Amino acid sequence: MTQKAAIVGGGVIGGGWAARFLLNGWDAAVFDPDPEVERKIGEVLDNARRALPALYDKPLPPEGALTFHDDLATALEGASWVQESVPERLDLKHRIHADLTALAPAEAVIGSSTSGFKPSELNAKGARAIVAHPFNPVYLLPLIELVGDPDECDRAAEILRSVGLYPLTVRKEIDAHIADRFLEAVWREALWLVKDGIATTEEIDEAIRMGFGLRWAQMGLFETYRIAGGEAGMKHFMAQFGPALEWPWTKLMDVPEFTDELVDLIAGQSDAQSGHLSIRDLERLRDDNLVGIMRSLKQSGSGAGGVITAHEAALEVPQIADLPVTLDIQVPQTWTDYNGHMNEAHYLEAGAKATDQFMVMIGADADYIASGLSYFTAESHVRYLNETHEGARLQVETQVINGEGKKLYLFHNLLSGGGLVATVETLLLHVDLDTRRSCPPAPKVAEALVRIAAAHAVLPKPEGLGRFVGQRP
Ligand code: NAD
C-alpha cells in the first residue's frame, strides 16, 4: 500500500520534504495556511523532478499523489510520517506539536525540521516529536540529523533510508545539532572577514569553492586532515596545527553586531556577486552541480555517492518485452552539451552501464570480479539515430548476439521518447584479472550466458547489426 507523509508547513524546507517523499512513491498531504502554498510547492517539485531522478541509473518508483488540506486532521489521516517545517519560533512549534501529538496516528513518526531547538524544548509541553533536521535542497542532499528518543530515531532512520536519505543520529541533544554548529563557526568568521574589510562575499566564496569545499564533499574534515599529516598521520597533523588554535587566527566566539551598515555591506556585495541571476537560476545551477558531483561520487562510493548506490540497489527496473532492460535513466543535465542534446560520449556511457548490468544478470558481478575474473571491452560501434534531451527517460534493451566461450557480443538499443535514438554494439572478451589475458568464464557465468543467448537467438536480428562507419573515407 502507498505510504503517506503529512507535510506541516510547506515553505522551502517543507516543499523539499514533500518532493523527496513524492518522488519516492509516497503520497504527500500538505497543511499550510499560506494561499501561495500550491505554487511554492509546485516550483520546488519542478526542480526536484529534474534533479533527483538524474542521480540514479534506475527509475524511482511512480510518483505519489500530492494533496493540499485546510484541515490539519485530514492531512494527518493515515500518515506514517509527519514532518513539521513551520518557521523557527518556539511558541509556534509548541502550538503545532500539541496538535500533532493529539491528532497524528499513534504509529506515525513526528519529525521536526528545526535547525536549532532540542527535542526537550520542542516536547516541553508534552509533545512526542523527534528532530529530523534536513539540508536544503531536501530532495537532493541526503543528510538528516536525528535527535531524540533512541527507539523513535531507529524507526525513523529505517524510513528515511528507504527514501534515499542518510540519517545521522546525534548522540546527545545540543542547540543546533552537529552541522549547524559547525556552519555557525564558519558564518561567524565570514561576517568578521567582510566587516573588517579583509574579503568580499565573492572572495570568501572563492576561498571555499576553489579549495577546501571540494575536499569536504568527498572526505569531510578529519579524513582530509589525516592525509594532510602525511605518512606521520593524524598525531603529527595535530602537533603541527594544534597550537594555531591558541593564536589569534580566528575571532573565536565574538559575533559582529548586525548593524544596518554591516547588513548593507553584505547584501550589496552579494548583489554585485550574484544579482545577475534569479533565485530560480541559482537553484538550478546548484542542483545541476550537485547532481554532477554526486554522480561522480558514486564511482568511489564516497560520501553521498555511497548513499545513492545503496538506495539504487533496492530499486526495480521495469521490464518492457522480450529483451532485458539493462538501463533506465533520466538524462542528467551534465550529459547534455552546447547543442542542447545528449552528448555523444554519454551514448557510449549508457551502453557501458547497460553492459555492466548485463554482466550482473549473468553472475559476473562485483563478487565475481573480486574473485579475479571479468570481461574487458574489445570493440564498440555507436550509431546516433536521434536526439535526446535533459530530463528525458532513456531505456536500454540488450540483445545477446553471441555468448559462446570467451565472447560476449551484445547489441544495445537505446530508446527514448517512444523511439530508437541510438544503438551500441559491443564485443567483450572474458579475462583473468591476474594474467590480464582472455580465458573462459566460470561455469555458472557461462551457463547463465548460454541460456540467455539461446532465448535471444530466436528473436529477429537487430536492424543495423554489424554496421561500420557508413561514409566512404
Ligand atoms: P519558510 O518560511 O520557507 O516556510 C515556513 C512555512 O510554514 C511557510 O510556508 C508558512 O506559511 C508555514 N506556516 C506558518 N505557520 C504555519 C502553521 N501554523 N501551520 C502550518 N504551516 C505554517 O521556512 P523554512 O526555511 O522552510 O524553514 C522551516 C523550518 O525548517 C524551520 O524550523 C527552519 O529552522 C528549518 N530548516 C530550514 C533550513 C533552510 O535552509 N531554510 C534548513 C534546515 C531546516
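First listed ligand is number 1; within each ligand, the first listed atom is number 1. In this text, all values refer to a predicted model and were calculated from it rather than measured experimentally.
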Could you tell me whether a side-chain N or O of R188 sits under 3.5 Å from a main-chain N or O of V255, the two making a donor and an acceptor? no
Under-4.0 Å salt bridge between [X] and [Y]:
{"X": "D175", "Y": "R181", "value": "no"}
{"X": "D91", "Y": "K125", "value": "no"}
{"X": "K298", "Y": "E312", "value": "yes"}
{"X": "D356", "Y": "K353", "value": "no"}
{"X": "E158", "Y": "R155", "value": "no"}
{"X": "E152", "Y": "R128", "value": "yes"}
{"X": "E63", "Y": "R49", "value": "yes"}

Counting non-hydrogen protein atoms only, what is the nearest one to [atom]? Give residue, atom name and distance.
{"atom": "atom 14 (C) of ligand 1", "result": "P87 CD, 3.5 Å"}
{"atom": "atom 40 (O) of ligand 1", "result": "N136 CB, 3.9 Å"}
{"atom": "atom 11 (O) of ligand 1", "result": "D32 OD1, 2.7 Å"}
{"atom": "atom 35 (C) of ligand 1", "result": "S113 O, 3.2 Å"}

For ligand 1, is there an atom lying under 4.0 Å from some heavy atom of [X]?
{"X": "V37", "answer": "no"}
{"X": "K93", "answer": "yes"}
{"X": "E84", "answer": "no"}

For [X] and ligand 1, does the shortest N/O to N/O distance drop below 3.5 Å?
{"X": "E88", "value": "yes"}
{"X": "H133", "value": "no"}
{"X": "D34", "value": "no"}
{"X": "P134", "value": "no"}
{"X": "L92", "value": "no"}

For R226, I'd like to know if atom CZ has over 12 heavy atoms of other residues, nucleotides or ligands within 6.0 Å. no
Per-atom contacts of ligand 1 with [X], taking only distances under 4.0 Å to non-hydrogen atoms:
{"X": "F31", "result": "19 (N), 20 (C), 21 (N)"}
{"X": "G11", "result": "3 (O), 4 (O), 6 (C), 9 (O), 26 (O)"}
{"X": "I96", "result": "17 (C), 18 (N), 19 (N)"}
{"X": "G9", "result": "7 (O), 20 (C), 21 (N)"}

Taking the minimum heavy-atom distance to [atom], which of [options] ranks first?
{"atom": "atom 34 (O) of ligand 1", "options": "S115, G10, G14, A75", "result": "S115"}
{"atom": "atom 31 (C) of ligand 1", "options": "T114, I13, V86", "result": "V86"}
{"atom": "atom 28 (C) of ligand 1", "options": "G116, S85, P137", "result": "S85"}

Indicate whether atom 2 (O) of ligand 1 is within a distance of less than 4.0 angstrom of some protein heavy atom. no
Does atom 23 (O) of ligand 1 have any protein heavy atom closer than 4.0 Å? no
Considering all heavy atoms, the nearest M294-P142 contact: CE-CD, 3.9 Å
Once you measure the plane-to-plane angle for H311 and Y56, does it fall in the parallel (<30°), tilted (30-60°) or perpendicular (>60°) bin? perpendicular
If the plane angle is over 60° it's perpendicular, under 30° parallel, otherwise tilted; pick one for W216 and F212. tilted
Any heavy atom of K40 under 4.0 Å from ligand 1? The part involved is side chain
Check the side chains of S80 and E107 for a donor-acceptor pair under 3.5 angstrom, ignoring hydrogens and angles. no
